[in-house]
Amino acid sequence: AYAPVGLLGLGMVQKIDQAELHEPVTAHSKLIALLLAALVIVGVLLVNFLLRPMVRKLVDSERAARAANLRLHNSEGQLRQITDALPVMIAYVDAEQRLRFHNRAYEKVFGLSGEQIHGKTMEAILDNRLYEQARPWLDKVMLGHPVVYERTHKNARGEQRDYMAQYLPRYGDGAEDGQVIGFYALATDITER
């Protein structure tokens with residue numbers, strides 16, 4: 001560093017070595033590095049302290065969901081076994097008249113596999129004559145009125161059979177409370193009666 005001294009044009013030169021020049025910055029850098037290291041360690045400990053319980057809850061929640069899913073699957077299997085053992089056609093039909101559940105009796109009467117029935121509309125399952133016969137009853141149940149009527153149709157073996165059909169409305173929950181969201185259909189072969 002140079003600084004003029006007096007009016008003679010003389011000056012003073014001061015020489016500082018590099019270590020002395022950088023000493024304040026080096027001291028601050030060491031302090032900052034120590035503070036950053038302490039912050040990183042505290043951060044890791046906090047993340048570990050905060051995240052461990054959340055991860056544990058998430059793992060426990062996943063286990064509980066799997067267990068509930070297994071119980072639901074077993075319950076559904078039992079329901080299917082019970083309904084399949086009954087000689088009555090049982091189905092759940094949604095508001096779009098799509099079959100969302102049916103028992104084995106439906107498959108036997110119509111001669112269709114489960115895949116050919118599930119998710120199909122009543123119109124697709126029933127022949128045109130039978131659907132037109134059922135249509136007023138379908139409209140009535142979707143308005144919230146229970147329905148009981150008799151119909152005659154051929155089964156998959158070509159035998160003319162008489163059935164008593166019963167439709168029971170299903171009402172929604174929550175946002176759909178009070179609205180008909182589908183119906184339960186029961187049909188019993190009453191030919192022998």
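As a basis for the values below, the full set of heavy atoms in this structure was taken, side chains included, without hydrogen atoms, waters or symmetry mates. All residue numbers refer to positions in the sequence shown, counting from 1.
Checking side-chain atoms of Arg98 against main-chain N and O of Gly119 turns up a donor-acceptor pair under 3.5 Å. In this structure, the side chain of Thr121 does not engage the main chain of Gln97 through any donor-acceptor pair within 3.5 Å. A donor-acceptor pair is defined here as one N or O able to donate and one able to accept, closer than 3.5 Å; no such pair exists between the side chain of Asp173 and the backbone of Asp177. The backbone N or O of Leu79 lies less than 3.5 Å from a partner atom in the side chain of Thr83, making a donor-acceptor pair. Side-chain atoms of Asp162 do not come within 3.5 Å of backbone N or O of Thr152 as any donor-acceptor pair. Checking side-chain atoms of Asn103 against main-chain N and O of Val88 turns up a donor-acceptor pair under 3.5 Å.
For the pairing with Asp60, the side-chain contact (heavy atoms from CB on, under 4.5 Å) check across Glu62, Arg56, Lys57 returns one residue only, Arg56.
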TODO: Apply side chain to side chain contact (heavy atoms under 4.5 Å, CB included) to the pair Gln160 and Thr191, showing each step before the final yes or no.
DONE: CA-CA 9 Å; Gln160 194 78 9; Thr191 306; over 6 Å; no
TODO: May I have the step-by-step check of side chain to side chain contact (heavy atoms under 4.5 Å, CB included) for His153 and Gln133, ending in yes or no?
DONE: CA-CA 11 Å; His153 68 89; Gln133 183 184 358; over 6 Å; no
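Here His73 contributes atom NE2 and Gln78 contributes atom CD; the two are 11.0 Å apart, rounded to the nearest 0.5 Å. With rounding to the nearest 0.5 Å, the separation of CZ in Arg135 from CG in Asn128 is 10.5 Å. Rounding to the nearest 0.5 Å places CG of Asn69 at 9.5 Å from CD of Glu76. If you take CG on Asn155 and CZ on Arg161, they are separated by 6.5 Å, rounding to the nearest 0.5 Å. The structure places CE of Met164 at 8.5 Å from CG of Leu186, a figure rounded to the nearest 0.5 Å. In this structure, CE in Met89 is found 15.5 Å from CZ in Arg104, a value given to the nearest 0.5 Å.
Judged by the 6.0 Å and 45° rule, Arg170 forms a cation-pi pair with Tyr92.
For the pair Leu126/Phe110, a side-chain contact is recorded, criterion being any heavy-atom separation below 4.5 Å from C-beta on. With contacts defined as side-chain heavy-atom distances shorter than 4.5 Å, the pair Met122/Leu138 qualifies. Under the 4.5 Å side-chain criterion, counting only non-hydrogen atoms from C-beta, Phe101 is not in contact with Val93. Within the 4.5 Å cutoff, the side chain of Gln179 has no heavy atoms near those of the Tyr171 side chain. With a 4.5 Å cut-off on side-chain heavy atoms, Asp139 and Leu143 do not count as touching. Counting only heavy atoms from C-beta outward, the side chains of Ile125 and Ile117 approach each other to under 4.5 Å. Counting heavy atoms from C-beta outward, Tyr106 and Leu112 have side chains that stay 4.5 Å or more apart. A 4.5 Å side-chain heavy-atom check between Thr188 and Arg193 finds at least one atom pair inside the cut-off.
Considering every non-hydrogen atom in both Gly144 and Pro146, the closest pair reads O-CD, 3.8 Å. Met142 and Ala95 get closest at one heavy-atom pair: CE-CA, 3.5 Å. The shortest heavy-atom contact between Val180 and Pro169 is CG1-CB, 4.2 Å. For the pair Glu115 and Lys120, the tightest heavy-atom approach, listed with the atom from each and the gap, is O-NZ, 3.6 Å. Summarising the geometry of His102 relative to His118, their closest heavy-atom pair is CE1-N, 4.1 Å, with the distance given to 0.1 Å.
Both Leu86 and Leu168 sit in one connected hydrophobic cluster of ILVMFWY residues. Membership requires side-chain heavy atoms under 4.5 Å apart, directly or through other members. Hydrophobic clustering, with ILVMFWY side chains joined whenever heavy atoms are under 4.5 angstrom apart, groups Phe183 together with Tyr131. A single hydrophobic cluster is not seen to contain both Val42 and Leu36; linkage of ILVMFWY side chains at heavy-atom distances under 4.5 Å, directly or through other members, places them apart. Ile90 and Leu130 end up in different hydrophobic clusters when Ile, Leu, Val, Met, Phe, Trp and Tyr side chains are linked at under 4.5 Å. Note: the hydrophobic cluster containing Leu58 does not contain Leu51 (ILVMFWY, side chain heavy atoms under 4.5 Å, direct or indirect links).
Side-chain contact check for Ser113 and Gln116: at least one donor-acceptor pair (N or O, by modelled atom type) lies under 3.5 Å.
Residues forming a ring pair (Phe, Tyr, Trp, His ring centres under 6.0 Å) with Tyr149 (at least two apart in sequence, or on another chain): Trp137, Tyr167.
Shown here is Arg129, whose CZ atom has more than 12 heavy atoms of other residues, nucleotides or ligands within 6.0 Å.
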